[in-house]
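Here is the structure we will look at, set down as C-alpha cells.
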Amino acid sequence: MEGSISNSGSNEDFAVGCMLSIKTTLGDEFDGQVITFDRPSNILVLQEGSKPGPRRNIRFLKTNYIKEFSFLGQSEDPLDIKKCYIDLQSLQDREELALRQAEADAERIGVGVTTEAQGIFDALSKTLPVRWDKTSIVVMNEVRVSSPYLPENVIGGTPAANDRVKKVLELERRRLQTRP
Amino acid sequence: MNTQQTAQLKSSANGFARRRSERESGMRLENKHQSGKLNQNRSMNAIGTSKAPVYESPSRDRLVYLSTCLIGHPVEVRLKNGSIYSGTCHTTNVEQEFAIILKMARMTKDASYRGSKQEYVMKAPSKTLIIPGKEVAEVIAKDVPVTVAGQSNELQNERHEDILIDSSISHSRHVELDRELSPWVPDEDDPQCPGLENIFDGPWNRGWDQFETNKMLFGVKSTFDEELYTTRLEKGPRMRELEREATRIAREIEGEDTEDLHLAEERGINLGEDFDGDEEVRFSSVIRGRGLDDSGYDEDEDILLDKRNTETFGDVPASSGAKTDHLHRGTSNDSAGALLTSSVDEPQCSQSSNGSEFFQSNTYDHCRQQADDLPCKSSTSDCNGRSLYRNPEILRVAQGHDSINASIETKTVAVDGKLSKSNESQSAENSQTAGFDRGGLLADAPSVTSSVKEMPPTEPEVVYVKADGESSGVSACRQPGTFASGSDHAGATSASSHPAVSPSSSLIGSSSSENSTLNPHAKEFKFNPNAKSFTPSHSSPVRPPSPVSDGSYYFTPNVTTLPQMHGMPVGIGMGPSYSGHQHVLFNPQVAPLRSPQPYFHPSGPQYGQQMNLGHPRQVLYMPGYQPVSSSQHL
C-alpha cells in the first residue's frame, strides 16, 4: 500500500535525524532514527536503538510497507560523515569469515528434520559429540538415534555408550517438554 | 564480489527457484563500492543501464554507504509476503529496489507455512540466495559497524580461537567492552622504580622490627633466623674488599648493553617514550620475530646439548651427541665422563624416542682424546655427584668389588677425570650411559666386570657388560663396551656407569693392538642390571647379532628370558617387545668369538648403526646365562 509518503511533506518527514515510530505492514513496530531516505528508491534507512558507538542496528525499509508512522522528535544526524570509510578488503574478509562460520553451523543443522529433532540434536551436542547422518543423529560415531528420537530409537555402540546416550536423551526430552 | 561472482551466483543458486535479481545492477553496485568512500560514488554512478539518471544526492550516498556496510554481515530480509530469510549479505543493489543477495541463507519464517511450529522441517541453507528488490520489504541488520571505528580490524576480534592478546584487548576498539579501558599509570607518590626491599636487611638497619611488633601485638614469638635463608656473610676483615669487588662486578654487568628489552628496562636504559611497540612487545616475555626457531630438535639441539655437555663435562670433541646415533660419537664425555655420558642429559635422554639416551659410545678417537685430555672437568665432585646419581654403579664400584676394585677404582678415578691408562680402556667403555641417571638400577652383578676382564682384548665383538658398573668397567677396558644406555632408569644407570664406551661402530677389532686406552671397537655398553659376577660358561654362545625388532634402545638382554633379570628397566622402551630381541651373549671364553659377527643390534636403530660399522658385537653378559634361554632370542 502506498506509504504515507506525501510528496509535499515527505522531505521534512524523513529528514535526517528524525525519530520516528513506525508500524510496518508486516506487523513490525519499532522506533528508529532516520539516517537517510532515498527518494528514488523509496528506501528509508533507520537506526534503531540509542546506543552510540560504531555499531548500530539498522533497518532498511521500503516506505511502501510503512503502515503508519509517527514523528517522535528531531535529533541530530546520527551518522558522522567524516568517520565513514569503508575498507573493502576487510569487508571481504569479514564475509569470508562469516561464510566459514555459517558453513560450520550448517553442519549442525539437519536437513529435513523437524524442529523438535533439531532441538534434540542441539541439546545432545552440548555434552556429546554429535553429527547428522541424513535424519539420524550419530553420537560419538557409534550410537545412532533415528526418528522419532525416542529412547527406544537409540541403537548401536557399546552398551555403556548406548546407555549414556539413552539417558541423556531422556533428560533432554524431559527438559524440552517443560520448556515450551 | 564482482561480476564474475554474480555470474556464478546465478548458476549456483541452489536449485532454488531463481528469482530474477538485478544482478547487473548488483555489479554496478560493486563498482561503486570500489571507491570505498562515500563521496566518490559520483563517478561510478554512471549506471549505464539505468534509465533514470540517478540523482546523486547525499541521501543516496548514505544509502549506498550503509548498504555496503552490510556486506559480510548477517542480515535478515523480510519479504513482502511475510517470509523472512537470514543469511550473510553478499551484495545489494539499491538503485531501484532493494535487491539483495544472501549467502548461506535460511528461511527462518515461511509465510506460506501454516503448520504448527513444532513440525517445521529444517531445510539446508542455500549457498546463495538472490532476492529481487521487488520482493524485499525490509532488511534488518544488527550491530552494523557504520563508522571506521567499528570496522577496522574487526576481524582480529573475530578470531574463533578465544585467545586475545594484550594488544588487541587494550586497543579496545576491537573488543566488546563493558567499560572503558585506560592505561595504568602509577600513583603520584609511588617511587619510580621501587626497589625490592631487602627484607634481610638486618633489623638494626630499619626502624621497625616486624618480629618485635608481632610479639608485642599478638604475643607471637618468632623463631626467625635470617641465616636460615640466606648465605652467611663473613663479616671479616676481607669483607670490604669483597664488597667492593662485588659491586664492581655488579656494575659491570648492569652497565652492559643489552638488546633484550626487559633487561634494558631493569638496567634503567631508557627506551624512550616513543618506543615503538605496544605493551605486548614491552612487557611480554614472548619474543617474536627474532628468527628463533623452535621447530625441530635435530641438529640444533644436538649441538645445544653438546654444548651443554661440554660445559658440564668439559670440553670434549664430541660430536653432536644428542641423538642416539651420535651417541657413539661420545658426546663429549671424556672417558671419565663416560660415566656421565654427556648424552646423559635428561633432555637428551628423553629425546631419543627409544630411550636413545642410551648409547653413548665414544668413538674411539674421542675416547682416546678424552682419556688423555680430559681433565674431567666435570669436576670430580661433579662427576662424582653425577655419576653417583646417574650411575649408581659407580657407587657400588666405589664400594668396592674386589677384583673389580682395581678396575673400579680406576674407573672411578676415571670418572673423576683422571684417566689412568687402565682406566682408559675401561673408561672408554664407560660408556656414557645415557640416561643412567635415572635409575639406579645398578647392576647388581658386579661380577661381570671381572669376567670381562678376562676377555681378550682383541675381541672384536663388543662385550657387553652390563649392569655392573664394574663389569662394565672391566669390560670397558677392553672392549668397547657397548653400553646400554639405559635410559631406563632401571638398570641403566649401572650399566651406564661403566659405560663401555663403545665407540660406535667404528671401533672394532682388537683393542689390544692399540695402545690407546679405548678400544676402538668397543661396543656399546649394555647394562645388565642383574648381572652378577661373571662366570664364564662355555655353554653360553655368542649370539650372532640379529636384527632387532625395533625400538628399544636399551639393550636389555633377556628381559623376559632370564629370570634374574628382574628389574630390568623395561621402561626404557623395550617393553615386552624386547623379548623378541636378541642379544649377543658374550661368553668370555668363547670370546674370541667366532668371527666378527654382524652386529647385533638389539634395539635402537642407532645402536645398529654404530655397530654395523665395526661389527661390534654386543655381548650381554649374564651371569649364569644359559644359552638355552637366550636361544629363544635368536
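Keep in mind the model is a prediction, meaning the values are calculated, not measured. Below, chain A is the first sequence line, B the second, and so on; all start at residue 1.
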(request) Specify the closest pair of heavy atoms between B:Leu70 and A:Phe60, including all atoms of both residues, with the distance to one decimal. (result) CD1-CE1, 3.4 Å
(request) Step through the shown structure and confirm whether more than 12 heavy atoms of other residues, nucleotides or ligands are within 6.0 Å of CZ on A:Arg164. (result) no
(message) Do the side chains of A:Asp38 and B:Arg62 get close enough for a salt bridge, i.e. N-O under 4.0 angstrom?
(response) no
(request) Could you pull out the closest heavy-atom pair between A:Ala98 and B:Gly72, with the gap in Å? (result) CB-O, 3.6 Å
(request) Give the minimum heavy-atom separation between B:Ala137 and A:Leu26, together with the two atoms involved. (result) CB-CD1, 3.6 Å
(message) For A:Glu103, which atoms come within 4.5 Å of any heavy atom of chain B: side chain, backbone, both, or neither?
(response) both
(message) A side-chain contact here means heavy atoms from C-beta on lying under 4.5 Å apart; do B:Leu63 and A:Ile43 qualify?
(response) yes
(request) Tell me, out of A:Thr36, A:Thr24, A:Leu46, who's got the most heavy-atom pairs with chain B below 4.5 Å. (result) A:Thr36
(request) State which residues pass ring-ring contact (aromatic ring centres under 6.0 Å, His included) with A:Tyr149; sequence neighbours excluded, sorted by chain then number. (result) none
(request) Find out whether B:Glu138 and A:Tyr65 are in side-chain contact, i.e. whether some heavy atom of one side chain is under 4.5 Å from a heavy atom of the other. (result) no
(request) Find the distance between CZ (A:Arg94) and SG (B:Cys69) and round it off to the nearest 0.5 Å. (result) 7.5 Å
(message) More than 12 heavy atoms of other residues, nucleotides or ligands under 6.0 Å from NZ of A:Lys23: yes or no?
(response) no
(message) Measuring from atom CD1 of B:Ile140 to atom CZ of A:Arg59, what distance do you get when rounded to the nearest 0.5 angstrom?
(response) 3.5 Å
(request) Please examine the side chains of B:Thr88 and A:Gln101, heavy atoms only from C-beta on, and report whether any two atoms are closer than 4.5 Å. (result) no
(request) In sequence, state the C-alpha distance, the side-chain angles, and the governing distance for B:Val144 and A:Asn57, and then conclude on side chain to side chain contact (heavy atoms under 4.5 Å, CB included). (result) CA-CA 6 Å; B:Val144 181; A:Asn57 292 353; over 6 Å; no
(request) Measure A:Ile35 against the heavy atoms of chain B and call it side chain, backbone, both or neither at under 4.5 Å. (result) both
(request) Please look at A:Asp105 and chain B and tell me whether the side chain, the backbone, both or neither of the residue comes under 4.5 angstrom of a heavy atom of that chain. (result) neither
(request) Sort B:Val77 into side chain, backbone, both or neither according to what part of it lies under 4.5 angstrom from a heavy atom of chain A. (result) neither
(request) With rounding to the nearest 0.5 Å, note down the distance linking NZ in B:Lys134 to NZ in A:Lys62. (result) 8.0 Å
(request) Using salt bridge (Lys or Arg N to Asp or Glu O under 4.0 Å) as the criterion, list what pairs up with A:Asp122, not counting sequence neighbours. (result) A:Arg108
(message) Quick one, B:Arg60 and A:Ser41 - any side-chain contact, counting heavy atoms below 4.5 Å?
(response) yes
(request) Under the side chain to side chain contact (heavy atoms under 4.5 Å, CB included) rule, what do A:Asp28 and B:Arg78 come out as? Steps first, then yes or no, please. (result) CA-CA 10 Å; A:Asp28 274 345; B:Arg78 290 167 194 239; 2.5 Å; yes
(message) How about CD on A:Glu76, more than 12 heavy atoms from neighbouring residues, nucleotides or ligands closer than 6.0 Å, or not?
(response) no
